[in-house]
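Keep in mind that the numbers below use all heavy atoms, side chains included, and drop hydrogens, waters and symmetry copies.
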Amino acid sequence: MVKRILVLDDNQDILDIVHETLTYEQFEVKSTSISTDVLPLIESFEPDLVILDYRVAGTNGGEICRNIKVHPRFGNTPVIIFSAYVSNDSELISYGCDAIINKPFDLAELVEKVNNLL
């Protein structure tokens with residue numbers, strides 16, 4: 001069965017590259033640039049993994065991650081946060097994410113972390 005991945009990033013170029021890369025790797029990918037869309041999309045799309053940009057307009061990726069991790073149905077869904085702004089990974093780990101990718105990132109690193117968590 002094809003694994004599903006939900007991606008949030010407010011940078012359309014990054015969103016397009018991540019979407020294309022993961023689709024090429026045979027994942028079903030749904031992307032959004034709007035942070036308030038993430039939880040409703042999790043309910044409807046039921047992803048096997050979520051990738052969140054930390055710095056987005058509205059709710060930051062860390063808070064969204066925390067909301068996912070306390071969700072009764074999706075609390076065990078792996079979450080990757082990527083960010084260009086955090087110098088200390090423990091700040092992001094405190095939100096409950098399963099992995100961190102620092103921007104700029106290598107697409108091979110992204111695919112490796114996704115595969116390791118799935």
Between the side chain of S35 and the main-chain N/O of A57, is any donor-acceptor distance below 3.5 Å? yes
So does N76 have more than 12 non-hydrogen atoms from other groups sitting under 6.0 Å from CG? no
Do I14 and V111 land in one hydrophobic cluster if side-chain heavy atoms of ILVMFWY residues count as linked below 4.5 Å? no
Could you tell me if D16 and Q12 have a donor-acceptor pair between their side chains, going purely by distance under 3.5 Å? yes
Could you give the distance from CD1 (I93) to CG (D98), rounded to the nearest 0.5 Å? 8.5 Å
Linking I/L/V/M/F/W/Y whenever any side-chain heavy atoms sit under 4.5 Å apart, do L6 and I68 land together? yes
Separation between CD1 (I51) and SG (C65), nearest 0.5 Å, reads 12.5 Å
Side chain to side chain contact (heavy atoms under 4.5 Å, CB included) with V7: which of V38, L15, L41? L15
Hey, could you give me the SG/CD1 distance between C97 and I81, rounded to the nearest 0.5 Å? 4.0 Å
Check this for me: does any side-chain nitrogen of one of D106 and K113 sit under 4.0 Å from a carboxylate oxygen of the other? no
Between Y54 and F82, is the gap from one ring center to the other below 6.0 Å? no
Please evaluate residues D9 and K103 with respect to the criterion side chain to side chain contact (heavy atoms under 4.5 Å, CB included), reporting the C-alpha separation (whole Å), side-chain torsions for both, the decisive distance (0.1 Å), and the verdict. CA-CA 12 Å; D9 200 304; K103 289 181 181 178; 2.8 Å; yes
Mark yes or no for whether R4, through its side chain, and F45, through its backbone, hold a donor-acceptor pair below 3.5 Å. yes
Does any N or O in the side chain of D53 come within less than 3.5 Å of the main-chain N or O of V56, such that one atom is a donor and the other an acceptor? no
Between the main-chain N or O of F74 and the side-chain N or O of T77, is there a donor-acceptor pair closer than 3.5 Å? yes
Under a 4.5 Å side-chain heavy-atom rule over Ile, Leu, Val, Met, Phe, Trp and Tyr, are L92 and V50 clustered together? yes
How long is the gap from CZ on R66 to OG1 on T59, to the nearest 0.5 Å? 12.0 Å
Cationic N near anionic O, under 4.0 Å, K30 to D37: no
For E20, does the CD atom sit with more than 12 other heavy atoms under 6.0 Å from it, leaving out its own atoms? no
Do I101 and I17 belong together in a cluster built from hydrophobic side chains that touch within less than 4.5 Å? yes
Tell me, do Q26 and K3 make a side-chain contact under 4.5 Å, heavy atoms counted? no
Steps toward side chain to side chain contact (heavy atoms under 4.5 Å, CB included) verdict (L110, V114): CA-CA 6 Å; L110 171 69; V114 165; 4.2 Å; yes
List the steps and the verdict of side chain to side chain contact (heavy atoms under 4.5 Å, CB included) for I100 and I80. CA-CA 6 Å; I100 298 164; I80 297 173; over 6 Å; no
Considering all heavy atoms of both residues, which atom of K69 and which atom of G96 are nearest to each other, and what is their separation? CE-O, 3.2 Å
May I ask you to decide whether R55 forms a salt bridge with D10, counting only side-chain N to carboxylate O separations under 4.0 Å? no
N/O donor-acceptor pair under 3.5 Å between E46 side chain and S44 backbone: no
Verify the cluster assignment for L39 and I5: are they in a single hydrophobic cluster under the rule of side-chain heavy atoms below 4.5 Å apart? no
Nearest heavy-atom neighbours spanning S31 and H19: OG-ND1, 2.6 Å
Would you mind reporting whether L8 and S33 have side-chain heavy atoms less than 4.5 Å apart? no
Quick one: CZ on F27 to CG on D48, what's the gap to the nearest 0.5 Å? 9.0 Å
To the nearest 0.5 Å, what is the distance between CG on L117 and CG on L49? 6.0 Å
